[in-house]
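Working notes, beginning with the structure itself.
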Amino acid sequence: MAGRRFRFAPSPNGRLHLGHAYSALFTRREARRHDGLFTLRIEDIDTFRCKQEFVDGIFEDLAWLGLNWPEPVRRQSRHLHEYISFIDRLERLRLLYPCFCTRARLHALDGPKDPDGAPVYPGFCRLMTKWERQRRMVAGEPYALRLDMAKAIVAGGDNLAFREEGIGPAGETGLVPCNPKAWGDVVLARKDIGTSYHIAVVHDDALEGISHVTRGQDLFHATSIHRLLQSILELPQPVYIHHRLIPDETGRKLSKSAGDRSLASLREAGVSAEEIRRELGFDGA
Ligand code: GLU
């Protein structure tokens, strides 16, 4: 059906490996199956970790795998102001608060864990008085902006769900109820870059008219946050197709030189793109 858009959205903070190859080929197969368009997006908001050489590597590796995509390719680092405008909207709705907690303090937290296994933020800075907040901001203390999850759920709805056409880590499929509460007050604007993955991905999926989000199961639980943001910011909701993660053995099987499983190193070791496609189960795809 015309108008269906899919995206592969890697972050250029290292060379692509087999897991990326699987995700990219999976995305193309789904795009073809739905008569849709495969697109590429470079998710490089983390200007500290992302590097141009890795962006070049992405183009090289994907072309080698036999993929092609429409140009120009969106690079998130060139659109930071657009993400900040979403942060501004959430601030105007009074759904964000500044968090001055240091990394050390956050690491020392003990207590309930979020779906990624990190401690849920107990809300220290949410409970801060207005005056204390202002004093620290005026003093120039760096801060992140966190979503006040309880308020956000009131604003966005407490019975949200998303459509899963793939499969979650515990076999979830169909209409999946959201559980954004499990994440607590997530950071939506990092101290260093003023935005976050959650904001940028929700923004771009809407802007680019992505109808189907294909990605690994490691991001399945984050979908609850994305769906909540889509509801608050009145954005369209795509269908989600989460896929399995590629276990190590595939890499070992293919690797002619032990250790590095990057596509570049496999290529240098003489592995062909066809062998990779076959090993990952994308024979004729
Ligand atoms: N940029 C993310 C990654 O490389 C993928 C984000 C997504 O597909 O939603 O893991």
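Counting starts at 1 for both ligands and their atoms, following the listed order. Since the model is a prediction, treat every value here as computed from it, not as a measurement.
Using a 4.0 Å cut-off to heavy atoms of Y197, the atoms of ligand 1 that qualify are 6 (C), 7 (C), 9 (O). For ligand 1, the atoms lying closer than 4.0 Å to a non-hydrogen atom of V201 are 9 (O). The atoms of ligand 1 that sit less than 4.0 Å from any heavy atom of S11 are 1 (N), 2 (C), 3 (C), 4 (O). Near E43, meaning under 4.0 Å from any of its heavy atoms, are these atoms of ligand 1: 1 (N), 2 (C), 5 (C), 6 (C).
In P10, the part holding a heavy atom less than 4.0 Å from any atom of ligand 1 is the backbone.
In this structure, a donor-acceptor pair under 3.5 Å is present between the side chains of S77 and D44. Counting only N and O atoms by type, the side chains of D114 and Y121 include no donor and acceptor under 3.5 Å apart. For D46 and Y197, the side-chain atoms include no donor-acceptor pair closer than 3.5 Å.
T223 and R215 make their closest contact through OG1-NH2, 2.8 Å (heavy atoms, listed as atom of the first residue, atom of the second, distance). Considering every non-hydrogen atom in both P247 and R261, the closest pair reads O-NH2, 4.3 Å.
Distance from atom 10 (O) of ligand 1 to its nearest protein heavy atom, with residue and atom name: L219 CD1, 4.3 Å.
R7 counts as a contact of ligand 1, since one of its heavy atoms falls under 4.0 Å from the ligand.
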Should Y97 and D185 be marked as a side-chain hydrogen bond (donor to acceptor under 3.5 Å, both in side chains) after you check the CA-CA gap, both sets of side-chain angles, and the distance that decides it? CA-CA 9 Å; Y97 64 88; D185 293 352; 2.6 Å; yes
Checklist line | Audit row: H243, Q217, side-chain hydrogen bond (donor to acceptor under 3.5 Å, both in side chains) steps and yes/no | finding: CA-CA 6 Å; H243 61 69; Q217 284 173 350; over 6 Å; no
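For ligand 1, one of its N or O atoms has an N or O atom of A9 under 3.5 Å away. Every N/O-N/O distance between T214 and ligand 1 stays at or above 3.5 Å.
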